[in-house]
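One structure is given here, and the rest of the page talks about it.
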Amino acid sequence: MTAAFETHEVLNQSPPFEEVDLFALDRPLQDALAANGAGSAAAALSAFGQRYGSAEMLEEARRANENPPRLASFDRKGFRRDTVEFHPAYHRFMGESIAAGVHASPWRADGGRAAAPAEVLRAARFYMANQVEAGHCCPITMTRASVAALAAQPSLRDRFIGKILSRSYDPSFRPAAEKAGITIGMGMTEKQGGTDVRANTTRAEPAGEGYLITGHKWFLSAPMCDAFLVLAQAPGGLTCFLLPRFRPDGSVNALRLQRLKDKLGNRSNASAEVEFAQAFAWRVGEEGRGVRTIIEMVQFTRLDCALGSAGLMRMALAQALHHARHRSVFQRRLADQPMMRSVLADLALEMEGAVALVMRLARAFDHPEDPAEAARARLLTPAVKYWVCKTAPAFIYEAMECLGGNGYVEEAPLARLYREAPVNAIWEGSGNVMCLDVLRALAREGEAGRDLIETLARATAGLPGAAQAATFIAKAFSARETEQHARRVVEQLALLAAAAALAESAPAVGEIFARLRVSEPRGATYGTAALEATDVTMLLERVLPG
Ligand SMILES: Cc1cc2nc3c(=O)[nH]c(=O)nc-3n(C[C@H](O)[C@H](O)[C@H](O)COP(=O)(O)OP(=O)(O)OC[C@H]3O[C@@H](n4cnc5c(N)ncnc54)[C@H](O)[C@@H]3O)c2cc1C
C-alpha cells in the first residue's frame with residue numbers, strides 16, 4: 001500500500017480492470033461459441049480467460065510494448081548477427097500462447113484439419129489473447145497459417161510439422177532440427193508493391209536441393225521466426241519458397257535484416273526490412289503457382305485479422321464500461337448517465353455483431369468438407385475482415401473517450417489498443433483489396449454466391465431491413481457491380497451476415513442489430529442509435545455483467 005498524499009486523497013478513480021476471467025465476463029462470446037458448436041468447452045476457455053486476464057499478464061503486456069524489440073546487426077567483433085532481441089515479456093506471451101496451442105490446435109499431426117469445433121475454440125483463444133497483447137499474435141497467426149501453404153509440398157510439411165505443432169516455444173537461434181518448436185513467418189511485400197505481388201522482383205535460381213534467393217522484402221514481421229514463406233521469381237514464374245534461418249548444412253542463412261520499422265503500434269512485435277543475398281530456400285508447390293500456394297495461408301491470416309480486431313474492440317469496451325461503472329460525475333456514476341449509457345450500448349451492439357460474425361466465420365473454417373461452409377469461408381472472409389477491421393479504430397477511439405483523460409494516457413491500455421487497431425485492416429490485403437476480392441470471388445462462383453445470399457436471407461427472415469439488404473446485395477452482384485460501389489455492397493454483406501449470425505447466437509440482439517445497423521445506417525458517431533432503455537440495459541449487462 002502506498003502512503004497517502006499529504007495534499008489530497010485519491011478519490012473516484014476506477015480500480016484496474018484485472019484479475020478478470022475474459023471468457024466468463026463475455027456473454028456475447030459464450031453465446032457465439034454455443035451457437036457454433038463449442039458450448040461444452042466453457043471450463044477450458046475460462047481457464048484461458050483467467051490466465052490472460054490476470055494482473056500479471058496485463059502487466060507483462062505493458063512491459064512487452066514499452067520495451068520494443070531491438071535489431072542486433074553485428075556482434076561486438078563486427079561479425080554479422082542479423083538477429084532481433086525481444087523483451088522477456090514478449091517471450092512470455094509467445095510461450096503461453098504456444099503452450100495453449102493458439103498457433104496450432106486446428107491441425108492434426110499429419111497436417112490435416114482437426115475435428116470441429118477446433119477452429120471455433122482456437123478462434124476464442126486468439127480473440128482473448130489479442131485483448132491482452134496483440135503484437136505476439138502476429139507470429140502466432142503466421143505459424144498457424146503456414147501449414148496450409150506447406151500442404152502444397154508434403155515432403156517439406158512432413159519434415160517440419162512436428163516442430164510447428166509443438167507446444168514448446170523455443171526462442172533460441174539454432175537450426176530447426178535442434179529446436180523443441182519452431183515458428184514460421186512470411187514475406188510477400190516488396191518496396192514497389194504489396195498488393196500486386198506479381199510485381200515482385202526477388203529472384204530464385206535452382207541450386208542443388210533447393211534455390212538461391214536474391215532480392216528483398218519491405219515488410220518481414222517477426223524476423224526471428226525459424227523460416228519464412230516467401231515469394232520470388234523462379235524460372236517458371238512467381239513461386240512460393242520456404243526460406244529457413246539456417247541452411248541445411250547448419251550455417252546461418254543469408255538474411256540481412258536492414259532495419260526494423262518504426263511502427264504506429266504493434267510495438268512488441270518486430271517488422272524488418274530484409275535483403276536476401278543468395279539465401280537458401282526450398283520450393284513450396286510448383287514453379288509459377290506462388291500466389292495460389294500462399295493464398296491458402298492468407299485465408300487463415302485474414303480470419304485472424306478480423307478475430308484480432310474484435311479482440312481489441314472487446315478489451316476497449318470492457319475497459320470503458322468498467323470505468324463508467326466506477327467513476328462518478330456530478331454525484332452520479334457515468335454508467336447511470338443516460339447519454340453515456342447510449343454510447344456504451346451502441347458500442348456493445350457493434351461488439352455483438354462483430355463477435356457473432358467472426359465466430360460464425362470460424363465455424364465455416366471448421367467444415368471444409370461441407371461445400372456450403374467452404375464457400376462461406378471463401379466468399380465471406382474478405383468481407384468480414386473488411387468490416388470488422390475497419391470498424392475497430394473508430395470504435396476504440398470512442399471507448400477511449402469514455403475514460404476521459406485517463407483513456408488518453410499510456411498507462412491505460414486504450415492508447416495501445418488504438419495504435420494497434422489500423423494494422424489489421426492494412427496487412428493481409430487492405431480495405432479496397434478485400435472488397436475487390438469479394439467481387440472477384442462472387443464473379444467466379446456465381447452460384448455459390450447466390451446460395452450464400454439466400455442462406456443469409458433465410459437466416460434473417462423477418463428481421464428489419466434484412467430482406468431489402470439481401471435483395472440489394474443479390475442485385476448488385478448479378479449486375480456485376482462495378483468496383484466503384486464495392487465498399488457499399490461489401491459492407492451490407494458483412495452487416496447482413498452479422499445479423500444472421502446473431503439471429504442464431506442471440507436472437508433478441510439480432511433483432512436490434514438488424515433494426516439499427518442493417519435497416520438504417522449507423523450514425524457517424526456512437527451513441528446516435530435509437531435504442532430503447534430496456535435494450536440499453538440488456539446490452540450492457542450482456543457485454544459485461546455489472
Ligand atoms: C505492421 C505491418 C506488418 C506487416 N508484416 C508483413 C509481413 O510479415 N509480410 C508481408 O509480406 N507483408 C507485411 N506487411 C505488408 C502489408 O501486407 C502491405 O503493406 C499490404 O499488403 C499493402 O501493400 P502496400 O503497402 O504495398 O500497399 P499498396 O499495394 O501500394 O496499396 C496501397 C493502397 O491502395 C489500395 N489498392 C490497391 N489496389 C487497389 C485497386 N485495384 N483499387 C483500389 N485500391 C487499391 C490498397 O487497398 C491500399 O489501401 C506488413 C504491414 C504492416 C503495416
Side-chain angles (χ1 to χ4, degrees), residues 65 68-69 84 130 134-146 149 183-202 213 215-232 238 240-243 255 257-276 290-291 293-295 297-302 304-305 308-309 312 382-383 385-386 389-390 392-393 416 419-440 481-488 490:
N65 284 275
V84 176
N130 268 276
H136 84 286
C137 291
C138 169
I140 293 292
T141 190
M142 293 192 294
T143 302
R144 168 295 216 283
S146 66
T183 53
I184 310 284
M186 68 184 194
M188 293 189 277
T189 308
E190 297 187 359
K191 289 175 182 166
Q192 73 283 353
T195 303
D196 184 7
V197 291
R198 290 187 189 280
N200 273 193
T201 59
T202 297
I213 310 284
H216 80 284
K217 294 292 164 188
W218 186 225
F219 281 89
L220 187 89
S221 288
M224 289 307 284
C225 284
D226 297 280
F228 301 88
L229 285 151
V230 300
L231 292 178
L238 192 66
C240 183
F241 295 92
L242 184 70
L243 192 151
L255 283 86
L257 303 183
Q258 303 296 300
R259 59 176 177 170
L260 299 186
K261 300 284 191 190
D262 184 5
K263 295 177 288 185
L264 168 67
N266 200 250
R267 293 273 176 83
S268 65
N269 180 37
S271 299
E273 296 167 14
V274 61
E275 278 188 53
F276 305 131
V291 173
T293 304
I294 213 154
I295 208 81
M297 166 176 190
V298 169
Q299 198 66 340
F300 289 97
T301 50
R302 286 178 178 170
D304 278 5
C305 287
S309 284
L312 299 175
K385 177 183 187 287
Y386 174 75
C389 297
K390 284 251 171 250
R416 170 154 46 88
R419 283 191 271 100
E420 187 71 28
V423 71
N424 285 328
I426 291 175
W427 91 298
E428 291 305 83
S430 313
N432 289 350
V433 175
M434 289 301 86
C435 295
L436 290 173
D437 259 31
V438 177
L439 290 188
R440 240 178 266 128
E481 191 51 89
T482 58
E483 290 178 17
Q484 194 185 342
H485 302 297
R487 279 188 174 218
R488 188 150 171 251
V490 171

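On a predicted model such as this, the values are computed, not experimentally measured, just so you know. Read the numbers this way: they start at 1 and go in the same order the structure lists the ligands and their atoms.
The parts of Thr189 lying near ligand 1 are both backbone and side chain, judged by heavy-atom distances below 4.0 Å. Contacts with ligand 1 closer than 4.0 Å are made by no heavy atom of Lys261, backbone or side chain.
Going from atom CD1 of Ile295 over to atom CE of Met188 covers 7.5 Å, rounded to the nearest 0.5 Å. Atom CG of Leu243 is separated from atom CG of Leu231 by 11.5 Å, given to the nearest 0.5 angstrom.
Atom 8 (O) of ligand 1 has its closest protein heavy atom at Ser221 N, 2.9 Å. Of the protein's non-hydrogen atoms, Val423 CG2, 3.4 Å is the one closest to atom 1 (C) of ligand 1. Scanning the protein heavy atoms around atom 39 (C) of ligand 1, the nearest turns out to be Leu436 CD1, 4.3 Å. In terms of protein heavy-atom proximity, atom 28 (P) of ligand 1 is closest to Thr195 OG1, 3.6 Å. Counting only heavy atoms of the protein, atom 11 (O) of ligand 1 lies nearest to Met188 N, 2.7 Å. When hydrogens are left out, the protein atom nearest atom 43 (C) of ligand 1 is Asn432 ND2, 3.5 Å; that is the closest non-hydrogen contact. Considering only non-hydrogen protein atoms, atom 9 (N) of ligand 1 sits nearest to Met186 O, 2.9 Å. Looking only at heavy atoms of the protein, atom 46 (C) of ligand 1 is closest to Ser430 CB, 3.7 Å.
Without hydrogens or angle criteria, Glu273 side chain to Trp218 main chain gives no donor-acceptor distance under 3.5 Å. Looking at Thr141, its side chain never comes within 3.5 Å of a backbone N or O of Cys137 through a donor-acceptor pair. Side chain of Thr143 to backbone of Ile184: a donor-acceptor contact under 3.5 angstrom is found.
The protein reaches atom 4 (C) of ligand 1 closely, with a heavy atom under 4.0 angstrom from it. Within a 4.0 Å radius of atom 34 (O) of ligand 1, the protein has no heavy atom.
Using a 4.0 Å cut-off to heavy atoms of Gly194, the atoms of ligand 1 that qualify are 23 (O), 24 (P), 26 (O), 29 (O). Interface of Gly193 with ligand 1, defined as ligand atoms under 4.0 Å from a residue heavy atom, comprises 26 (O).
Here the rule is side-chain contact (heavy atoms from CB on, under 4.5 Å) with Cys435, and of Glu483, Arg487, Arg488 only Arg487 fits it. Shown are Val274, Thr201, Asn200; of these, the side-chain contact (heavy atoms from CB on, under 4.5 Å) with His216 is made only by Thr201.
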*asked:* Using the rule given for side-chain contact (heavy atoms from CB on, under 4.5 Å), can you reason through Arg302 versus Asp437, listing the C-alpha separation, both sets of side-chain angles and the distance that settles it, and then say yes or no?
replied: CA-CA 12 Å; Arg302 286 178 178 170; Asp437 259 31; 2.7 Å; yes

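Side chains of Glu420 and Asn266 form a contact here, defined as non-hydrogen atoms less than 4.5 Å apart. At least one side-chain heavy atom of Asn424 sits under 4.5 Å from a side-chain heavy atom of Leu312.
Around atom 50 (C) of ligand 1, the closest heavy atom drawn from Phe219, Trp218, Phe228 belongs to Phe219.
Assignment of Gly185 to the shell around ligand 1 is not supported, since no heavy atom sits closer than 4.0 Å.
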